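Some notes on the structure that comes next.
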There are 2 protein chains.
Amino acid sequence: MSEIDPLPTWLEHASANPYLPKSERAIWLQIYDRLNSALRDGAVNAGERLPSETVLAQCFGVTRVTLRRALRHLQNEGLLEARKGVGIFARRPGMVYQVGTGKRFAESFDSVEGRMTTRTVALTKSRPSADAIEALAIPETAEVILLTRLHLQDSYPVYLAVKELPAELFPNFAEVYALDHSISAVFKAHGIPKFSWAETRVSGGFAEAEEADLLHLTPRTPVLRTLSFNHAPNGSRIEFTRGCWPLDQVQLRFLPR
Amino acid sequence: MSEIDPLPTWLEHASANPYLPKSERAIWLQIYDRLNSALRDGAVNAGERLPSETVLAQCFGVTRVTLRRALRHLQNEGLLEARKGVGIFARRPGMVYQVGTGKRFAESFDSVEGRMTTRTVALTKSRPSADAIEALAIPETAEVILLTRLHLQDSYPVYLAVKELPAELFPNFAEVYALDHSISAVFKAHGIPKFSWAETRVSGGFAEAEEADLLHLTPRTPVLRTLSFNHAPNGSRIEFTRGCWPLDQVQLRFLPR
DNA sequence: CAGTGGTCTAGACCACATG
DNA sequence: ATGTGGTCTAGACCACTGG
């Protein structure tokens, strides 16, 4: 940080009345409350960097350990991201994504404000994962196309997808996909003009290092995980997707039809 | 604990070679690994109490702070539950519950091993919550039946449900429900022999104090939350349910039909 | 009452990213 | 070289639970 570096106004206020020492509520929770408000009220903007832990600890009149406890919980809730050696940054407060069923996945984001884009992180071939073997009903010696994509809203990552597809069915995957990064274009080019959603499973987990990096989360942050299956009209299974979502930023919506 | 209280065998082993001081992996993560294995391998049985934090810290040759870090993560994963003033207990490692759609909720647990039971925690009347007002399409001045139920597998809590139903539609709710604690029996008694699932929304969150207590979780543990809606054949909305699940213990499964 | 987990302090060293 | 977050120590006091 620069030489004198003035405190943000929201922090000055906190600095004056740091916390209530004999309150019912633990000190770290009071600090959590204040930071939480500052983040949700917009006193701190998304992407903005917070003062360092040392400075914050001094402002609130506590040890770094106590301060870090508050920070850790805000990270778990997806409001903050810590970058080692760099600083702590405000994430965007959770918007709700209505990821429906019955409709194609791309349409799921229609109701979202802002521009949704997709970044292709990796495209390789490999052996299928254990889940994919079962989901796609292929032998473990088969080859799959492994496609990792990151979905962004206004250049902000909100969803990480790792897809596995039977390589045998899509000999020209890379070529077609390169054109406009569209999966359905690949399907169409291989004689599958329509495909339909077969099943989705939702569970919870914790962000691995790479997931955290791509999603701008602190490692080991809780996340929502999805397993999805698509099949062709003839019933053959053509796509298996593992999804990873920041826990607070998504609301998955399922309708009977 | 009793006077001399011998260490469990799995701990003795750890005690001898506590951790690798100059390893890549952080000390607390190495401790996490050991405890994790002990819990998943069955070296510690579900419901069993661990030695106190002080004892564990000594065994692993670390401070309580470091040990507690490992414990906290195991709590987040639903493997441990800390009870203040009492001790730390092993939870049952996560089983997967296939909570389907299209079928009635009770059937969702059919595939589960062990005996599923339901405990009625509370049954009162009150004003509808904000979510319920929208979900049930009732005015905020209306009255709802507020029903809290805990679902157990072999007397182990796996799912907490808070239901809201328009009181107007079910004048004899309490009487009928008292007979065999069945919701569908109540519906039937009020002229609704059939009802169908309308929608489910899934999101994440963190266990409140009461939720944690009922589900045998440590407070602020990450959980899966569901919002479900049921309606009668004529389309009127008759039930709104908020569900809370231990993050690791559930896999929600959604099919198109 | 004694033992437990929950909280907090005041230091310290490290790996990492940036200029 | 500097400042950052990540880790760890060695104490301490508290509120709670159970016998």
Side-chain angles (χ1 to χ4, degrees), chain A residues 1-5 18-33 35 48-58 60-76 80-90 209 212-213 216-221, chain B residues 1-5 18-32 35 48-58 60-76 80-90 207 209 212-213 216-221:
Chain A
M1 304 188 73
S2 69
E3 184 75 31
I4 313 182
D5 221 2
Y19 60 87
L20 310 170
K22 282 151 193 168
S23 165
E24 278 285 305
R25 200 157 173 78
I27 297 175
W28 74 265
L29 272 171
Q30 296 183 47
I31 297 175
Y32 164 88
D33 290 338
L35 293 173
E48 202 171 317
R49 189 185 149 234
L50 266 54
S52 76
E53 292 184 351
T54 316
V55 171
L56 285 173
Q58 281 170 350
F60 286 106
V62 295
T63 319
R64 248 186 85 202
V65 178
T66 304
L67 175 82
R68 275 175 63 80
R69 188 107 80 101
L71 293 179
R72 179 58 187 168
H73 273 259
L74 292 162
Q75 289 161 19
N76 281 345
L80 291 178
E81 178 205 3
R83 289 186 222 156
K84 195 177 187 174
V86 184
I88 299 179
F89 297 81
D213 185 38
H216 288 187
L217 291 171
T218 304
R220 282 181 287 273
T221 286
Chain B
M1 304 188 76
S2 68
E3 185 71 33
I4 314 182
D5 222 2
Y19 60 87
L20 310 171
K22 280 151 193 169
S23 165
E24 278 285 306
R25 199 157 174 79
I27 297 175
W28 74 265
L29 273 170
Q30 296 183 47
I31 296 175
Y32 164 89
L35 293 173
E48 204 170 315
R49 192 186 147 232
L50 296 183
S52 75
E53 292 184 350
T54 316
V55 172
L56 285 173
Q58 282 171 350
F60 286 105
V62 295
T63 320
R64 248 186 85 202
V65 178
T66 304
L67 174 81
R68 275 175 62 80
R69 188 107 81 103
L71 293 179
R72 180 59 188 168
H73 273 260
L74 292 162
Q75 288 162 19
N76 282 345
L80 291 178
E81 178 206 2
R83 290 186 221 157
K84 196 178 188 175
V86 184
I88 299 178
F89 298 82
D213 185 36
H216 287 6
L217 291 171
T218 304
R220 283 180 286 273
T221 287

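All figures in this text were calculated on a predicted structure; none of them were measured in a lab. Values below: all heavy atoms of this structure, side chains included; hydrogens, waters and symmetry mates excluded. Just so it is clear: chains get the letters A, B, ... in the order the sequence lines come, proteins before strands, and each one is counted from 1.
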Heavy atoms from C-beta onward define the side chain here; which of [options] lies closest to that of [X]?
X	options	answer
A:Arg64	C:dC8, D:dT7, D:dC13	D:dT7
A:Ala82	C:dT9, D:dG6, C:dC8	D:dG6
B:Arg220	C:dT7, D:dT7, C:dA10	C:dT7
B:Val65	C:dA10, D:dA10, D:dT7	D:dA10
A:Arg49	C:dT9, D:dT4, C:dG6	D:dT4

Euclidean distance, atom [atom1] of residue [X] to atom [atom2] of [N] [Å, nearest integer]:
X	N	atom1	atom2	result
A:Ile31	C:dC8	CD1	P	8 Å
B:Leu80	C:dT4	CG	P	16 Å
A:Leu74	D:dG5	CG	C1'	16 Å
A:Glu53	C:dC8	CD	C1'	16 Å
B:Arg68	D:dC8	CZ	P	15 Å
A:Gln30	C:dT7	CD	P	13 Å
B:Tyr32	D:dT7	OH	P	14 Å
A:Leu29	D:dC14	CG	P	19 Å

Across all chains, not counting sequence neighbours, the side-chain hydrogen bond (donor to acceptor under 3.5 Å, both in side chains) partners of B:Asp213 are none
When the ring planes of B:His73 and B:Tyr32 are compared, do they come out parallel, tilted or perpendicular, using 30° and 60° as the limits?
-> perpendicular
Between [X] and [N], does any side-chain N or O lie under 4.0 Å from OP1 or OP2?
X	N	result
B:Thr66	D:dT9	yes
B:Ser52	C:dT4	yes
A:Arg69	C:dT7	yes

With heavy atoms under 4.0 Å as the rule, sort A:Val86 into base, sugar-phosphate or nothing.
->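 Sugar-phosphate contact only.
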Using a heavy-atom cut-off of under 4.0 Å over every strand shown, decide if A:Arg72 touches base, sugar-phosphate, or nothing.
->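 Counting heavy atoms under 4.0 Å across all strands, no contact is made by A:Arg72.
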Considering heavy-atom distances to DNA chain C, does B:Arg83 or A:Lys84 have its closest nucleotide positioned more toward the 5' end?
-> B:Arg83
Between B:Ala82 and B:Gln75, what is the shortest heavy-atom contact and its length?
->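 Where B:Ala82 meets B:Gln75 most closely, the heavy atoms are CB-NE2, 3.7 Å.
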Minimum side-chain heavy-atom gap A:Glu81-A:Ile88 below 4.5 Å =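 No - every pair of side-chain heavy atoms lies 4.5 Å or more apart.
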Check whether any side-chain heavy atom of B:Phe60 sits under 4.5 Å from a side-chain heavy atom of B:Leu67, and report yes or no.
-> yes
